[in-house]
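Each remark here refers to the structure printed beneath this line.
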Amino acid sequence: MAAETGTPTTLTLKSNDDELFSVAESAAILSVTIRNMVEDGCAGGVIPLDNVDGKTLASVITYMNGISAIPADEEKKKSYRDKFLSDKDFETLADMVLAANYLNMSCLMDAVSAKIAQVMEKKSVGWVRRKFGIENDYTPEEEAAVKEEHKWTFEGVETDDDN
Amino acid sequence: MASSSSNSIEEEATPPPWEKLPREITAAILLKLGAVEILTTAVEVCTTWRSVSMQPSMWRYVRMEKSDVEWPHDFDDLCRRAVDLSQGQLIGITLKGSGTNDLLLYISQRSGQLKHLALVNCYDITGEGVKEAVKNLPLLENLYLNHTYIDVEAIETVGRSCPLLKFFILTSFDWRSGESDEEALAIAQNMPGLVELRIFGNRMTNVGLKAILEGCLHLKSLYMRRCHNVNFGKLCSERIKDLKLDVDSIKKYEEEILCLFAKCSCALLRSRSDAKSEVSLTELLR
């Protein structure tokens, strides 16, 4: 990031593995969680972020700085977000979504959720389970029922012809 | 996650398993996946995803596209399923590329809260179908009809049934030739609350346009295209701030409008501390 000219206030954020980060308040308050802490008067000392590790926080701060440097231009912000997320692997996305949620950053949350959803677009149930490491906890009977439910469910159900 | 307070080096580099994510995160991700894939894939993945998918709050805004629906699933059935799951909480729905009058009626009878309705390339849905449906939609604010031709009677019904209507888009080409102001007059007389109007391919003349300007006193934005009988001159430039009289591409606006629909719904879903709980399409257009 370019050197900030006349930075008014800098905050110190602490990750859950005790890494410290300096970030301009104007960028950090993109996080509603941090903003609330600042408003509650925590800004003087160190702001502890118990649910975010150092690696993820570093990445989030890169995002905060990058996005807040862009003037109010939704197109450009969007393309920054796309670029920011383009090189993140799947595991990182999981960390990011948790962090974005915890930090209450709706734009980042939106973008990361969309990116994760994109991964499973047009994929089979089995593929999604493998990719996300999710165990099938349905009984075979339940699974069959769920499959059926979403197919031709409405055959024979009352129709709304003429009212 | 148990966060034992005094662990020196915790081996918690890996995120929690996906099915153990907080429900609101799973919901946010699945919402991005869209209605069709939630119903055809996500619900089958595991019981947690299914239970998240079944929450009525997941079904406040539904966008269904024919091109996303693959055999053996059926477009209308999936729509009905989505409407059922919304348990009356549906705020906005977009149907694209398919749908019938029966389906529309089904939706309207179960969605008295509906504010946004977009019918895009639903060639089987007729003006008659719209007319019957809107009678059940007293809160409708935004109506987008693309390739659904509605006649004067239907326009009147929309106006009478939906007194809150602010945003009306009619991009349904009228194939008849000649001049006719009857639709414009119907809009002028029955939709006094309109803030934005987009009308493409209409036979109205200056008489109709003038009537609209006089009848819809809140109108701030007017886009027209292929309204060849209108001779604009200075007719509306003083009053309407956002005026586009020969919009170049419908495609562009179609996407724009649908994006706005989606944004409205996201804003509604994100009813967290700082988010406005009510955002109208009109506001988002600013």
Side-chain angles (χ1 to χ4, degrees), chain A residues 16-17 32 35-36 50-51 53 55-56 91-98 100-102 104 106 109-129 131-139 142-143 146-147 149-155 157 159-163, chain B residues 1 3 9-10 12-22 24-34 37-50 68 70 72-74 76-81 84 101-109 132 135 266-267 270 272-275:
Chain A
N16 65 2
D17 46 4
V32 175
R35 190 167 76 208
N36 289 342
D50 297 337
N51 288 0
D53 64 30
K55 178 172 163 266
T56 309
E91 282 66 33
T92 308
L93 290 177
D95 291 329
M96 294 293 283
V97 80
L98 281 164
N101 186 58
Y102 168 68
N104 199 350
S106 54
M109 183 71 194
D110 262 7
V112 183
S113 312
K115 184 93 182 167
I116 294 167
Q118 220 175 46
V119 172
M120 59 178 135
E121 248 168 47
K122 307 271 175 205
K123 298 293 193 299
S124 69
V125 174
W127 190 94
V128 174
R129 281 192 195 126
K131 181 75 182 173
F132 287 76
I134 293 176
E135 260 192 56
N136 178 8
D137 60 351
Y138 281 116
T139 65
E142 282 172 345
E143 195 173 6
V146 173
K147 274 201 171 78
E149 189 176 22
H150 298 279
K151 276 179 194 163
W152 300 96
T153 346
F154 291 89
E155 266 176 351
V157 169
T159 53
D160 298 294
D161 293 322
D162 302 347
N163 44 335
Chain B
M1 287 139 283
S3 58
I9 306 163
E10 224 170 357
E12 265 202 325
T14 48
W18 286 95
E19 71 267 37
K20 300 248 161 55
L21 285 179
E24 76 260 27
I25 298 185
T26 306
I29 295 168
L30 294 183
L31 276 171
K32 298 288 178 189
L33 194 59
E37 293 211 42
I38 292 177
L39 292 175
T40 58
T41 310
V43 291
E44 287 183 39
V45 170
C46 64
T47 54
T48 307
W49 281 25
R50 179 181 154 84
D68 294 336
E70 287 171 6
H73 301 286
D74 176 79
D76 284 27
D77 287 346
L78 290 175
C79 288
R80 288 187 163 93
R81 179 88 185 129
D84 291 348
N101 287 348
D102 279 351
L103 174 66
L104 188 59
L105 190 61
Y106 186 95
I107 295 167
S108 72
Q109 287 169 337
E132 290 310 310
K135 291 177 185 167
C266 288
R270 208 185 297 124
R272 286 218 199 148
S273 51
D274 63 328

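Lettering follows sequence order; numbering is per chain, from 1. Because the structure is predicted, anything quoted here is derived from the model rather than measured.
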Which atoms of [X] are under 4.5 Å from chain B, going by heavy atoms: the side chain, the backbone, both sets, or neither?
X: A:Lys115; result: neither
X: A:Ser124; result: backbone
X: A:Val97; result: both

Using 0.5 Å steps for rounding, measure from the [atom1] atom of [X] to the [atom2] atom of [Y].
X: A:Met109; Y: B:Glu24; atom1: CE; atom2: CD; value: 7.0 Å
X: A:Lys123; Y: B:Thr41; atom1: NZ; atom2: OG1; value: 10.5 Å
X: A:Lys122; Y: B:Leu33; atom1: NZ; atom2: CG; value: 10.0 Å
X: B:Leu21; Y: A:Phe132; atom1: CG; atom2: CZ; value: 9.5 Å
X: A:Glu135; Y: B:Thr48; atom1: CD; atom2: OG1; value: 11.5 Å

Report the C-alpha separation of A:Ile116 and B:Trp18 in whole Å, then their side-chain angles, then the decisive distance to 0.1 Å, and conclude whether the side-chain contact (heavy atoms from CB on, under 4.5 Å) test is met. CA-CA 11 Å; A:Ile116 294 167; B:Trp18 286 95; 3.8 Å; yes

Where do B:Glu44 and A:Tyr138 come nearest, in terms of heavy atoms and distance? O-CE1, 3.3 Å

Hey, which of A:Val146, A:Asn136, A:Asp137, A:Ile134 is the one that makes side-chain contact (heavy atoms from CB on, under 4.5 Å) with B:Val45?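 Exactly one pass, corresponding to A:Ile134.
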
Of the backbone (N, CA, C, O) and the side chain (C-beta and beyond), which part of B:Asp68 lies under 4.5 Å from a heavy atom of chain A, both, or neither?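 Contact with chain A involves both backbone and side-chain atoms of B:Asp68.
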
So which part of B:Leu103 gets closer than 4.5 Å to some heavy atom of chain A, the side chain, the backbone, both or neither? neither

Is there a side-chain contact between A:Val112 and B:Lys32 in this structure, where contact means two heavy atoms from C-beta onward sitting under 4.5 Å apart? no

